[in-house]
Amino acid sequence: MAHFALLDKNNIVQAVFYGRDEDNEIDISLRTGETYKQTSYNTKGGKYYEWRDGLYQLGLNQSKAFRKNYAGLGYTYDANLDAFIPPKPFSSWILNTETCGWEPPIFPPILTKEEFDDSKKYKWNEELYQIDNSKGWQLTQFKKETNNWEVI
């Protein structure tokens, strides 16, 4: 089954539809008068994944990777990169043009085994980074009572 992203005049994805494998983006665009681009459901970060042995794993045939990422609502189609790029999560994050994903300006610390076992994780805090660009990651823990991740 083929998937197609409907783009607005700024190349922002408005919707994603599925179609027949024999459909193509040019015919659909001509027929509807709107702009459609085909997208691959199993592509993320320029890699193709497939269901194998009960899990999604890196695909054996990477030639199936298409347009860097599966299109999502609000993604941008970049014609120069021929790729779908997700919305920028934070103003300081940088686009990796190989994966067409956003990366933080500083990488997160590695969790210790104890932190991992205690269900802790690092979350990005843009305000903290803007105050001191050597900081930005905060250790958080999921609190069942509030059903939320809280800075610890």
Side-chain angles (χ1 to χ4, degrees), residues 1-8 10-21 23 25 35-152:
M1 175 182 317
H3 293 86
F4 298 91
L6 170 64
L7 307 179
D8 70 9
N10 297 312
N11 284 343
I12 307 296
V13 176
Q14 301 301 298
V16 179
F17 300 98
Y18 62 90
R20 302 170 303 177
D21 285 335
D23 288 335
E25 62 193 44
T35 303
Y36 284 85
K37 291 290 180 185
Q38 191 166 356
T39 185
S40 171
Y41 185 76
N42 293 350
T43 300
K44 181 175 173 138
K47 304 281 186 196
Y48 180 79
Y49 294 86
E50 61 192 8
W51 186 258
R52 210 172 56 247
D53 301 327
L55 351 142
Y56 272 104
Q57 300 182 45
L58 196 58
L60 300 175
N61 181 357
Q62 285 300 305
S63 70
K64 293 181 179 181
F66 189 57
R67 294 193 166 137
K68 302 291 185 182
N69 294 296
Y70 179 69
L73 194 60
Y75 279 45
T76 301
Y77 173 71
D78 184 304
N80 293 324
L81 296 171
D82 191 26
F84 288 103
I85 300 171
K88 191 172 187 176
F90 300 99
S91 64
S92 64
W93 285 33
I94 304 150
L95 181 66
N96 176 327
T97 56
E98 290 298 312
T99 64
C100 287
W102 297 100
E103 295 179 350
I106 54 176
F107 286 96
I110 297 172
L111 288 173
T112 65
K113 180 180 180 338
E114 294 78 22
E115 290 168 339
F116 180 82
D117 290 345
D118 289 340
S119 301
K120 295 176 182 175
K121 72 177 184 176
Y122 284 97
K123 289 185 79 172
W124 183 255
N125 181 324
E126 183 70 15
E127 290 177 25
L128 182 62
Y129 176 76
Q130 294 300 332
I131 293 168
D132 178 349
N133 67 8
S134 69
K135 298 179 180 175
W137 292 102
Q138 291 183 304
L139 189 61
T140 62
Q141 185 171 30
F142 188 76
K143 302 290 185 179
K144 291 180 185 175
E145 13 345 307
T146 61
N147 199 33
N148 204 355
W149 289 93
E150 296 180 8
V151 175
I152 53 173

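Nearest heavy-atom pair across Phe17 and Leu6 is CE1-CB, 4.0 Å. What you find for Glu115 and Leu111 is that their closest heavy atoms are OE1-CA, 3.3 Å. Shown here for Tyr70 and His3, the closest heavy-atom pair between the two residues is OH-CD2, 3.5 Å. In terms of heavy-atom proximity, Ala83 sits nearest to Cys100 at CB-SG, 3.5 Å. Residues Thr39 and Ala5 share a closest heavy-atom pair of CG2-N, 4.5 Å.
Under the 3.5 Å distance criterion, the side-chain polar atoms of Lys88 are left unmatched by any main-chain donor or acceptor of Trp102. In this structure, Thr140 contributes its side chain and Lys121 its backbone to a donor-acceptor pair below 3.5 Å. Checked by atom type and distance alone, the side chain of Asn10 never pairs as donor or acceptor with a backbone atom of Ile12 at under 3.5 Å. Lys68 contributes no side-chain N or O that, together with a main-chain N or O of Asp82, makes up a donor-acceptor pair within less than 3.5 Å.
The environment of Lys44 atom NZ is sparse: at most 12 non-hydrogen atoms of other residues, nucleotides or ligands sit within 6.0 angstrom. Atom CD of Glu126 has more than 12 heavy atoms from other residues, nucleotides or ligands within 6.0 Å.
Annotation: the span from Phe142 atom CZ to Asn148 atom CG amounts to 7.5 Å, rounded to 0.5 Å. Taken to the nearest 0.5 Å, the CG atom of Asn69 stands 13.0 Å off from the OH atom of Tyr77. Leu7 contributes atom CG, which lies 14.0 Å from atom OH of Tyr75 (distance to the nearest 0.5 angstrom). Expressed to the nearest 0.5 Å, how far CD of Gln14 lies from CG of Leu73 amounts to 7.0 Å. A distance of 6.5 Å separates CD of Gln38 from CD of Glu25, quoted to the nearest 0.5 Å. With values rounded to the nearest 0.5 angstrom, Gln57 atom CD is found 13.0 Å from Tyr48 atom OH.
At a cut-off of 3.5 Å, with distance as the only test, no side-chain donor of Gln130 or Ser92 sits close to an acceptor on the other residue. Between the side chains of Ser40 and Asn42, no donor-acceptor pair is found at a separation under 3.5 Å.
Counting heavy atoms from C-beta on, the side chains of Asp118 and Gln141 come closer than 4.5 Å.
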Take Arg67 and Thr43 through the test side-chain contact (heavy atoms from CB on, under 4.5 Å) and record every step on the way to the result.
-> CA-CA 8 Å; Arg67 294 193 166 137; Thr43 300; over 6 Å; no
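By the 30° and 60° cut-offs, the orientation of the rings of Trp124 relative to Trp137 is perpendicular.
The existence of a salt bridge linking Arg52 and Glu50 is confirmed by a sub-4.0 Å separation between a basic side-chain nitrogen and an acidic carboxylate oxygen.
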